[in-house]
Each structure stands twice: as structure tokens, then as C-alpha cells.
**Student:** 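Right, I'll just put the structure down here and ask away after.
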Amino acid sequence: MSNTTSRTANGAPGGGGSEPVVRSEAVHKSFGHNLVLKGIDLEVQPQEVCCLVGPSGSGKSTFLRCINHLEKINAGRLYVDGRLVGYRQRGDKIYELKEREVADQRKDIGMVFQRFNLFPHMTAVENVMEAPVQVRGIGKAEARERAMRLLERVGLGEKAKQYPSRLSGGQQQRVAIARALAMDPKLMLFDEPTSALDPELVGEVLDVMRDLAESGMTMIVVTHEMGFAKQVGDSLVFMDDGVVVESGRPRDVLDDPKHERTRTFLSKVL
């Protein structure tokens, strides 16, 4: 699927033969009798920004949650950084990892949700500090210093001591991004990070995501922001009814879609 393998020093897509950060092989997922993912094949290379688009119910968010084992796949294989997600293979048999081992895998995967999920009783800087202290065992002084740098990076250094209730939705989402970055992830997953925001707040979150992309972060973004996908994405995947209908460079898919289903969808959102 992927059209790029890495970014060059100036941030543009570049070539190379590196191992994919994410590799999905015929991934299936069902909830009861409802088959949500029907065989997803997809690769995301280091420093690639992959945008997933499609109608509600197409399986985009479910697939994203499978990548860090928040949802367990029913068939296929899913690898992050060359490691099987949520399972261990011995010979021909697959064994599910213990929760502690799954949690260890998740350390390297940051995720930002539609809702901000900040701890309401903690300040912005305390929210960003929490996981490095509790999960990675970093000392509080070091964690606070790093948290402050990350809040500065997302433009919220002056809001460090504010509680979530005193922040706008866009500010809360930027704190959530800083919190995910605090674990120094190899991969960032964004599940429609602007969908819960008022329109005037969307730009400030997309600007932070654009900065992350330019810095070389590997990202998978479920989004309805087609302008962002076109400007920042290296690849675009259109999903519908649990399958990948079309994929390619964002400009190619958005300007000249090959499949009728893609054309129908884009005619309603562009």
C-alpha cells in the first residue's frame, strides 16, 4: 500500500528498504456476528504519515484500536516494529500475551482519541507526567522537565498548571498529544482527533500534528480533514465496509479516484 519508505532530512518522502513500522496481513475483526474488518492488508513505513478515510462504520477506528491491541483481532497477523501485536507465535501455534506483556508493547505506541480523556483532578503538566512516572519509572523531576518541554512544543507552556476544566477543547487535545508523546513512542495513532472540537479550534490541533509529521514521527491518522491528508499525508487509504477500497498518494486518490465507491464518498466530503 505504502508509497513511501522514509523521509529525507528536509522532511520530504524518501526511499529506502527499511522494515515497516506497521504491517497488517489479512486482519479480520468481528463483534459477535458483525464482521467489521474483512481482511485488511496494509503497511506503514518509518516516518510515514498514513491517513485513513471513509464513511462512519467502515472499520477505520476499529483497525486503529487493533494496532495497539485495545481490540483483539480474530484472524490474520498484525505487526508493529516487527513484533506480533498481542500474541506470540511458536511453530504453527499462536498464544495470546499476558496483559503485562501487552502493556509493555503499548509503551511504544501513542494514541490520541476523539475525546481527550485527561485526568480531571490533575493539571496539564501532571497529566503529561503521569505515564512516564508510573509506567516507565522516570523520576518526577525529570518527568516534569520533559512534560514542560512537550507542553511548550504544543504551544501550552503557560497552561501547565491549569486543570482540564479550565482549558478549551483544542487545548485539552493538545495536552493529550503531549501526554502521548511523553512515552517517546515509535508510532502515533490518531482517532479522529478533531471531530469533537468546535471548527475554530481544529486548526491548532492540526498544526501540532503537522509539526509532528515534519519532525519524522510515524503516524496513522483516522480523519475527515481531507486538506490535512492532502498536505501532510504520504499515503491515503479509503476504507468502506471493512475493506481497503483504494489507496495511494493522497493527491492521486483525492484528485483522481479510481473506484466508483471512492468517487461517491469524496463527492460528499470535498
**Student:** Show me the pairs that pass ring-ring contact (aromatic ring centres under 6.0 Å, His included) and involve residues 136-186, at least two apart or across chains.
**Tutor:**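 Every pair satisfying ring-ring contact (aromatic ring centres under 6.0 Å, His included) with a residue in residues 136-186: there are none.
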**Student:** Which heavy-atom pair separates Asp240 from Pro55 by the least distance, and what is that distance?
**Tutor:**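 Shortest heavy-atom separation between Asp240 and Pro55 comes out as OD1-CG, 3.2 Å.
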**Student:** CG/Asp81 to CD/Gln105 distance, rounded to the nearest 0.5 angstrom?
**Tutor:**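 It comes to 10.5 Å.
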**Student:** Without swapping roles, check the side chain of His28 against the backbone of Ala26 for a donor-acceptor pair under 3.5 Å.
**Tutor:**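 Looks like yes, one N/O pair under 3.5 Å.
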**Student:** Do the side chains of Leu78 and Ile94 join up, straight or via other hydrophobic residues, at under 4.5 Å, putting them in one cluster?
**Tutor:** yes
**Student:** Could you tell me whether the side chain of Arg88 reaches within less than 4.5 Å of the side chain of Glu101, counting heavy atoms only?
**Tutor:** yes
**Student:** Are Ile109 and Tyr87 linked, directly or through intermediate hydrophobic residues, by side-chain heavy-atom contacts shorter than 4.5 Å (ILVMFWY only)?
**Tutor:**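 Yes, because Tyr87 and Ile109 connect within a single hydrophobic cluster, where side-chain heavy atoms sit under 4.5 Å apart.
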**Student:** Can you find a heavy atom in the side chain of Leu266 that is under 4.5 Å from one in the side chain of Leu254?
**Tutor:** yes
**Student:** Can a salt bridge be assigned to the pair Arg136 and Asp108 using a cut-off of 4.0 Å between side-chain N and carboxylate O?
**Tutor:**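 Yes, charged N to carboxylate O under 4.0 Å.
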**Student:** What's the separation between atom CZ in Arg174 and atom CG in Leu150, rounded to the nearest 0.5 Å?
**Tutor:** 13.5 Å
**Student:** Does Arg263 CZ have over 12 foreign heavy atoms under 6.0 Å away?
**Tutor:** yes
**Student:** Between Val175 and Leu201, is there a shared hydrophobic cluster once you connect ILVMFWY residues whose side-chain heavy atoms come closer than 4.5 Å?
**Tutor:** yes
**Student:** Regarding Asp104 and Arg106, does a basic nitrogen lie under 4.0 Å from an acidic carboxylate oxygen?
**Tutor:** no
**Student:** What about Val133 and Leu181, same hydrophobic cluster or not, with Ile/Leu/Val/Met/Phe/Trp/Tyr joined at side-chain heavy-atom distances under 4.5 Å?
**Tutor:**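 The answer is no; the residues belong to distinct hydrophobic clusters.
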**Student:** Using every non-hydrogen atom in the two residues, find where Val222 and Pro193 come nearest and quote the distance to one decimal.
**Tutor:**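 That would be O-CD, 3.7 Å.
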**Student:** Connecting only ILVMFWY residues whose side-chain heavy atoms lie within less than 4.5 Å of each other, what is the rest of Met183's hydrophobic cluster?
**Tutor:** Val135
**Student:** Show your working on side chain to side chain contact (heavy atoms under 4.5 Å, CB included) between Val125 and Met129 and close with a plain yes or no.
**Tutor:** CA-CA 6 Å; Val125 70; Met129 290 172 55; 4.3 Å; yes
**Student:** Assess the residue pair Thr223 and Phe190 against the criterion (side chain to side chain contact (heavy atoms under 4.5 Å, CB included)); give the C-alpha distance rounded to whole Å, side-chain angles, the decisive distance to 0.1 Å, and a yes or no.
**Tutor:** CA-CA 8 Å; Thr223 185; Phe190 293 88; over 6 Å; no
**Student:** Is there side-chain contact between Glu200 and Ser168, with heavy atoms separated by less than 4.5 Å?
**Tutor:**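 No. Closest side-chain heavy atoms not under 4.5 Å.
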**Student:** Looking at Gly91, is its backbone amide N or carbonyl O close enough to the side chain of Gln89 to form a donor-acceptor pair, meaning the two atoms are under 3.5 Å apart?
**Tutor:**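 At least one qualifying donor-acceptor pair exists.
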**Student:** Does a side-chain heavy-atom distance below 4.5 Å link Val232 with Val221?
**Tutor:**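 Result no, sub-4.5 Å side-chain heavy-atom pair not found.
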**Student:** Please list all pairs meeting ring-ring contact (aromatic ring centres under 6.0 Å, His included) that have one or both residues in residues 214-267, counting only residues at least two apart or in different chains.
**Tutor:** Phe238-Phe265
**Student:** Give, for atom SG of Cys50 and atom CG of Leu236, the distance between the pair rounded to the nearest 0.5 Å.
**Tutor:** 7.5 Å
**Student:** Under the side-chain hydrogen bond (donor to acceptor under 3.5 Å, both in side chains) rule, collect the residues that match up with Glu126, sequence neighbours excluded.
**Tutor:**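 Per chain and number, Glu126 pairs via side-chain hydrogen bond (donor to acceptor under 3.5 Å, both in side chains) with Thr123.
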**Student:** Starting at CG of Leu42, measure out to CD of Glu25 and round the result to the nearest 0.5 Å.
**Tutor:** 11.5 Å
**Student:** Does atom NZ (Lys186) have a neighbourhood of more than 12 heavy atoms from anything else shown, all under 6.0 Å?
**Tutor:** no
**Student:** Using modelled atom types only, decide if a donor and an acceptor are shared between the side chain of Gln162 and the backbone of Leu167 within a distance under 3.5 Å.
**Tutor:** no
**Student:** Give a yes or no on whether the backbone of Gly54 and the side-chain of Lys60 come within a donor-acceptor separation of less than 3.5 Å.
**Tutor:**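 Between the backbone of Gly54 and the side chain of Lys60 there is a qualifying donor-acceptor contact (under 3.5 Å).
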**Student:** When rounded to the nearest 0.5 angstrom, what is the spacing between OG in Ser61 and CZ in Phe113?
**Tutor:**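 Here the rounded value is 10.0 Å.
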**Student:** Identify the heavy atoms of Met111 and Asp191 that sit nearest to each other, and give their distance.
**Tutor:** CE-CB, 4.3 Å
**Student:** What side-chain donor-acceptor pairs closer than 3.5 Å can you find for residues 64-72, not counting sequence neighbours?
**Tutor:**
{"unit_1": "Asn68", "atom_1": "OD1", "unit_2": "Leu70", "atom_2": "N", "d": "3.4"}
{"unit_1": "Lys72", "atom_1": "NZ", "unit_2": "Glu96", "atom_2": "OE2", "d": "2.9"}

**Student:** For Lys159 and Leu151: C-alpha separation, side-chain torsions, deciding distance, then whether side chain to side chain contact (heavy atoms under 4.5 Å, CB included) applies.
**Tutor:** CA-CA 8 Å; Lys159 301 290 186 180; Leu151 287 173; over 6 Å; no
**Student:** Taking Gln231 for its side chain and Met226 for its backbone only, find out whether a donor-acceptor pair lies under 3.5 Å.
**Tutor:**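 Here the side-chain-to-backbone pair does not exist.
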**Student:** Heavy atoms only: give me the nearest Phe31-Val36 pair and the separation to one decimal.
**Tutor:** CD1-CG2, 3.3 Å
**Student:** Between Ala180 and Gly110, which heavy-atom pair has the shortest distance, and what is it?
**Tutor:**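 In terms of heavy atoms, the two residues are closest at CB-CA, 4.2 Å.
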**Student:** Do Leu35 and Val245 belong together in a cluster built from hydrophobic side chains that touch within less than 4.5 Å?
**Tutor:**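 Looking at the clustering, Val245 is in a separate group from Leu35.
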**Student:** Just do the side chain to side chain contact (heavy atoms under 4.5 Å, CB included) check on Ser18 and Gln47 with the steps written out, would you?
**Tutor:** CA-CA 11 Å; Ser18 50; Gln47 301 185 337; over 6 Å; no
**Student:** With a 4.5 Å heavy-atom cut-off, do Lys29 and Ile40 have their side chains touching?
**Tutor:**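 They are not in contact (no side-chain heavy atoms under 4.5 Å apart), so the answer is no.
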**Student:** Determine the minimum heavy-atom distance between Val128 and Pro132, stating which atoms define it.
**Tutor:** O-CD, 3.4 Å
**Student:** Can you find a pair of side-chain heavy atoms, one from Gln171 and one from Arg166, that are under 4.5 Å apart?
**Tutor:**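 No. Closest side-chain heavy atoms not under 4.5 Å.
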**Student:** Does CZ belonging to Arg115 count more than 12 external heavy atoms closer than 6.0 Å?
**Tutor:** no
**Student:** Is a donor on one side and an acceptor on the other found under 3.5 Å between the side chain of Ser195 and the backbone of Gln114?
**Tutor:**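 Between the backbone of Gln114 and the side chain of Ser195 there is no qualifying donor-acceptor contact (under 3.5 Å).
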**Student:** Can you tell me how far the CD atom of Glu43 sits from the OG atom of Ser24, to the nearest 0.5 Å?
**Tutor:**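 With rounding to 0.5 Å, CD (Glu43) is 9.5 Å from OG (Ser24).
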**Student:** Which residue pairs pass the side chain to side chain donor-acceptor pair (under 3.5 Å) test with at least one member in residues 139-148, sequence neighbours excluded?
**Tutor:**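 Matches after skipping sequence neighbours: Glu145-Arg149.
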**Student:** Between Glu48 and Asp234, is there a donor-acceptor pair closer than 3.5 Å when you use the side chain of the first and the backbone of the second?
**Tutor:** no
**Student:** Within the 4.5 Å heavy-atom criterion, are Phe116 and Leu197 side-chain neighbours or not?
**Tutor:**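 When only atoms from C-beta onward are counted, Leu197 and Phe116 do touch, with a gap below 4.5 Å.
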